[in-house]
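I have placed the structure first, in the form of C-alpha cells, so that the comments after it can refer back to it.
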Amino acid sequence: MGIEVQTFIANLERHLTNVAPGRLHSETCLHDLPEWDSLQALVVVASFDWDYGVTISADEFAGTKTIHDLHALIDQKLHQ
Amino acid sequence: MGYFSIGNIRLSAVSAAVPARQLSNENLDILNESEAKTFAKTVGIRTRRVAPPAICASDLCVAAAQQILQLRSLDPAEIGALVFVTQTPDYLLPGNSMLVQRRLGLSSSAFMLDVNQGCAGYVYGLASLACLMSAAKIQRGLLLVGDTITRLLSPKDRSTIPIFSDAGSATLLEVAGDADPMHFNLGSEGEGAEVIYVPGGGARAPFGPDSLAMGEHEQNLVRAPIHLAMKGMDVLHYALKHVAPNIRELLTSAHTAIDTPDYYIFHQANHIVNECLLKKLGIPPQKAPETLLDYGNTSCATIPVTICHQLAGELGNGKKTMVLSGFGAGFSWGSALVTAEAVLCSSLLELRDSN
C-alpha cells in the first residue's frame with residue numbers, strides 16, 4: 001500500500017506555508033501557482049526526504065507536471 | 001567511498017577569521033518579498049561577511065595562523081608542513097601555500113601543498129595533512145582553509161548572492177603518541193562537476209571578452225561565465241543522497257555509535273539540509289551547532305568558523321568527540337571523526353579593511 005494522495009497533499013501543504021490550505025489538488029501544477037519559486041522547489045524536494053526518506057534529482061522533479069505525477073514518482077521510489 | 005584512519009596525530013588548535021564587513025539579506029533587490037521570507041526560513045541566512053577588495057582568503061587564513069603561532073608561542077620553523085585549501089587563491093599561480101610560507105616565516109624545508117576543494121575542503125584538508133604528517137613523519141603541520149568566494153559571484157544572481165560569505169581558518173595538527181586515531185570517510189562523484197562551478201577564466205575557456213558577457217538564465221539570475229554558477233536543486237539532491245550514509249559508514253567503520261559523538265559540525269550550506277541530516281541520523285539539534293544565520297555559507301571554512309564561534313569555550317575542557325562533515329563542489333563530500341582534547345580555540349577574529 002502506497003502513500004494516500006490526501007496524505008501526500010496534506011504533507012505538501014504543511015511544508016508550503018506560503019500556499020493557503022485547500023488550494024492543492026491532485027491535478028494542481030505546482031509551477032503554475034503564483035506563490036511558486038525556486039526556493040519552494042527546494043522545500044518540496046527536501047520535504048520528500050523528510051516525510052518519506054526519498055531523494056529525487058532536479059531532473060526527476062522537472063519531469064513532473066502535476067501533484068499527481070509527483071505522488072506517482074515518490075510512490076514508485078518508495079517501492080524500489 | 002573511502003574510509004581510513006590515521007593514528008598518533010592530534011588536533012591541537014583551531015582559529016578562524018572573518019571580514020568585519022557585514023551585509024544583510026533584508027531588502028536585497030534580487031529577492032522579492034515572498035522569496036525573502038521563504039529564504040530566511042528555509043536557507044536560514046540573515047547576514048553575510050563580505051571581504052573588501054583588500055582582503056583575500058590568504059589574509060584571513062594568515063591572521064588565523066598567526067593567532068595560533070602567538071598563543072602557542074611556536075617558532076614558525078617548527079611547522080613542517082602546510083596545506084592550503086581554497087578555490088579563491090590570490091593568483092592563478094603560484095599557489096597560496098608558497099605566498100603564506102613567506103608571510104608566516106616558515107622554513108624552506110617545510111612541505112607546502114595547495115588543494116583546490118570547496119565545501120568539503122576542511123575535511124579533505126584535514127585528511128591530506130594528517131596523511132602527509134603520518135607518512136613523512138612530520139611533527140607539526142598547519143592546515144589553512146578559507147575562501148573569499150563572494151569575489152566569484154554575480155551581483156545579479158539571486159541563487160548565490162544571499163548565500164555565500166567569506167572566511168579563513170587555521171588548524172594545527174601535532175604528532176602525539178597518545179592521540180586517538182582520526183577517522184575519515186571521503187567520497188566524490190565527478191558526474192556532478194557542473195553542479196557548482198565557474199565555467200570561464202580557466203584553461204578550458206580562457207579569460208577574454210566572452211568571460212564577462214552577462215546572460216539572463218532566469219529572472220534575477222544573471223551572470224557571466226566568470227561567475228560561480230550553482231544548481232541549488234542538484235546540490236540539495238547530492239547532499240541528501242550522500243551525506244547521511246557517508247557519516248553512518250564513518251561511524252560504523254570507527255565502531256562508534258551515532259549517539260556517542262558530542263558534536264556534529266555540518267558544513268553550513270542551508271538550514272533545510274541541516275534539518276534533514278539531523279532527522280536522518282537521529283541527532284538532537286543541540287549536538288549540531290549552526291552559524292548560518294549570521295555568517296552564511298563560507299564555503300570550505302564553515303566547519304572551523306562554527307567550531308570557533310560555537311565551541312571555543314568547550315574544546316579546551318575535557319575530551320570531546322566531533323563528527324565533521326562537508327559537501328560541495330566536485331561533487332565531493334567527506335566526514336571525519338576527531339577527538340578534541342585541550343584544543344586551543346579562541347572566538348572568531350574580525351579583519352578590518354585597513355589590514
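Heavy-atom basis, side chains included; hydrogens, waters and symmetry copies ignored. Because the structure is a prediction, the values reported are computed rather than measured. By convention in this document, chain letters (A, B, ...) are assigned in the order of the sequence lines, proteins followed by strands, and residues within each chain are numbered from 1.
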Q: Start with the C-alpha gap between A/Asn18 and B/Thr38, add the side-chain angles, then the distance that decides, and say whether side-chain hydrogen bond (donor to acceptor under 3.5 Å, both in side chains) holds.
A: CA-CA 8 Å; A/Asn18 285 8; B/Thr38 318; 3.2 Å; yes

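- Within 6.0 Å of atom NZ in A/Lys65, 12 or fewer heavy atoms from other residues, nucleotides or ligands are found, so the atom counts as exposed in its surroundings.
- Across B/Leu236 and A/Ala46, no two heavy atoms sit closer than the pair CD2-N, 3.9 Å.
- At distances below 3.5 Å, at least one donor-acceptor pair connects side-chain atoms of B/His237 with backbone N or O atoms of A/Ile56.
- In this structure, the separation between CZ on B/Phe39 and CG on A/Asp37 is 11.5 Å, given to the nearest 0.5 Å.
- In this structure, chain A has a heavy atom under 4.5 Å from the side chain of B/Val43, while its backbone stays farther away.
- We find the CD1-NE2 distance between B/Ile272 and A/His15 to be 10.0 Å, quoted to the nearest 0.5 Å.
- Side-chain atoms of B/Arg158 and A/Ser38, non-hydrogen and from C-beta on, do get closer than 4.5 Å to each other.
- Taking every heavy atom of both residues into account, A/Phe61 and B/Met233 meet most closely at CD2-CE, 3.3 Å.
- Residue-environment remark: CD (B/Gln286) exceeds the threshold of 12 foreign heavy atoms within 6.0 Å.
- A salt bridge links A/Asp49 and B/Lys280; the closest N-O separation between the charged side-chain nitrogens and carboxylate oxygens is under 4.0 Å.
- The parts of B/Leu240 that come within reach of chain A are both its backbone and its side chain, each placing non-hydrogen atoms under 4.5 angstrom from that chain.
- Of the two parts of B/Gln219, neither the backbone nor the side chain holds a non-hydrogen atom closer than 4.5 Å to a non-hydrogen atom of chain A.
- Only the side chain of A/Thr17 has a heavy atom closer than 4.5 Å to any heavy atom of chain B.
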